[in-house]
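By convention in this document, chain letters (A, B, ...) are assigned in the order of the sequence lines, proteins followed by strands, and residues within each chain are numbered from 1.
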Amino acid sequence: MSLVAEAFVSQIAGKVPFIHVGNQVVSELGPIVQFVKAKGHSLSDGLDEVQKAEMKAYMELVNNMLLTAELYLQWCDEATVGEITHARYGSPYPWPLNHILAYQKQWEVKRKMKAIGWGNKTLDQVLEDVDQCCQALSQRLGTQPYFFNKQPTELDALVFGHLYTILTTQLTNDELSEKVKNYSNLLAFCRRIEQHYFEDRGKGRLS
Amino acid sequence: MRLGGPPRSPRSGPSPEGPGSSPGHVQFGKNPQNPARRTRSPSPRPAAPSGTRGSARLRRPDSPRRAWPAALPHCVGRLWMGGRPPSAEAHGPASRRRAASPTQRSRASPGTSLGPPPQPSRGAVAGGGSARGRAEAHEEVLPGQRACKMAAPMELFCWSGGWGLPSVDLDSLAVLTYARFTGAPLKVHKIANPWRSPSGTLPALRTSHGEVISVPHKIITHLRKEKYNADYDLSARQGADTLAFMSLLEEKLLPVLIHTFWIDPKNYVEVTRKWYAEAMPFPLNFFLPGRMQRQYMERLQLLCGEHRPENEEELEKELYQEARECLTLLSQRLGSQKFFFGDAPASLDAFVFSHLALLLQAKLPSGKLQAHLRGLHNLCAYCSHILSLYFPWDGAEVPPPRQTPAGPETEEEPYRRRNQILSVLAGLAAMVGYALLSGIVSIQRATPARTPGNRALGMAEEDEED
């Protein structure tokens, strides 16, 4: 119950994900990374400048492509919206607020899509874009265990987060996860991280 | 891996190589197909080198050796265009593309004694009807020059130049630069009136089939489809890097550029609005700049919508901070190379150049980002290098040689003086005419001298009548 309440609070008041450290609440990936860095832990210290540039660029790519595609799929694809998103988004609220807020959010997202040029895209085109993004990531990863040699960096965390979510979330159509599954090295990458870092949480969901 | 043979160097040299060539795309040394083609194909064709190049280039982009030529145009983050050219779609994902390449070669080799036979195969490979249409168009052109659309060349409408640049608009500059890199035979119309462009916005490309494309990425995709591909030589990893860096530009640098030119009050009033208001014809100059500003502001708000800190200043600071970081990253990635991927420019270079050049060249009263950029010497050198190589006559373009009827901006001194004199004369004539007609002033003529003559004439007539 408390988790639900907290999620509810964070949805209204701030952004997820957030970490609560003592008196501070830090939300979203970027600031969390900065915060942790300020505490003296950073994953990308070992990279040289060119690699850091590449890492930032690839993180932007993921943010740009995958995030926008996920948003599109959640809010602009009628089938998914009707079956899953509306219900999920409106669940903490009583009627009629759940419908109103869901429609409002959908309208906002559609406006944003239009502003960035995705408004006229069909689902197929969006999937095509996701495919290209995955191809880029796959090319960059190659046969290495992580994107930058042997050590994971923020990019690995970000990519893992997105891909894992795509692979394990049940949607009305599985095309998105099929696109990701086409790239075996990305799949292996996700499995490896899941086993390595999350193995004590129970059995993996990526089998 | 790059042999850096002769075709490369002309490309990195001054680009006006004429419509017949995009020699940089032809890697004679690399593709085993080429020698076969070169020996066989000149026979039917009178113009051997350009014909070879034309054919080689026509076939090359279909060769699946490169996984990326189709993928690259789509990137730039949000301004994406989903569709790949039919050739890529026919091949499918990268692994299948590579497998298809030997079949492509075997298909090409028996037929290379004559130009036309491979064309239908290419058309079939490409799969789409439009591709076949294009193949036929190329068939007609093959024996001749590369100025393929002899019937209707591609026309590009873009914003005219200013501030020492060939165009003042980011998208137009990117498309122009890409076209210069690839030597695409475009007829460029530099106009300052977006209502004159076929799609109502600038930049816009009118293809040889009459279609109008106005999204910059779609324009570049179309140029790629027409085989003007600057990313042909990139490896798969470099193609992935292109995608990533274009996303970086879109996310970090573009919002700040929009802010610098359109939202920052000093810059907007003194530089941007001034230029647009002077360039646009009456009466557009009264309301269009304001409308454009509102559109950009809305776009910026939507782009940065999620980050909504307490006040605007914080947002600004954050944005500029990220933009400075982005510039530094670009500088680090470029290092001391001439272009981002070696010695030849690619589409990423076109986009980076357009972003940076605008920032560098415009004389901004409040240019915090500009100051930071000026501190990154390799980026400045990079911009001036591209400007001098590909837009060498820019200095003379400052009153740009317009190909379409000009607006009031091109009135020069003699015309202005002439117009002034004419208007004064017209005013005087009007006053005098009015005075005479209304009787304020009347001209007394020597009437006695005249009337006898008249009477004599009149009597003469009467005599005659009698």
Nearest 0.5 angstrom please: [X] [atom1] to [Y] [atom2], how far?
{"X": "A:Gln51", "Y": "B:Arg333", "atom1": "CD", "atom2": "CZ", "answer": "11.0 Å"}
{"X": "A:Glu60", "Y": "B:Lys252", "atom1": "CD", "atom2": "NZ", "answer": "4.5 Å"}
{"X": "A:Arg140", "Y": "B:Asp241", "atom1": "CZ", "atom2": "CG", "answer": "6.0 Å"}

Next item on the list: State whether the number of non-hydrogen atoms from other residues, nucleotides or ligands found under 6.0 Å of A:Glu49 atom CD is greater than 12.
Entry: no

Over all atoms of both residues, closest heavy-atom pair of [X] and [Y]:
{"X": "A:Val50", "Y": "B:Gln332", "result": "CG2-O, 3.6 Å"}
{"X": "A:Leu61", "Y": "B:Ser247", "result": "CD1-OG, 3.2 Å"}
{"X": "B:Leu248", "Y": "A:Lys56", "result": "CD1-O, 4.1 Å"}
{"X": "A:Ala136", "Y": "B:Ala240", "result": "O-CB, 3.5 Å"}

Check: For B:Glu325, is it the side chain, the backbone, both, or neither that has a heavy atom closer than 4.5 Å to a heavy atom of chain A?
Finding: side chain

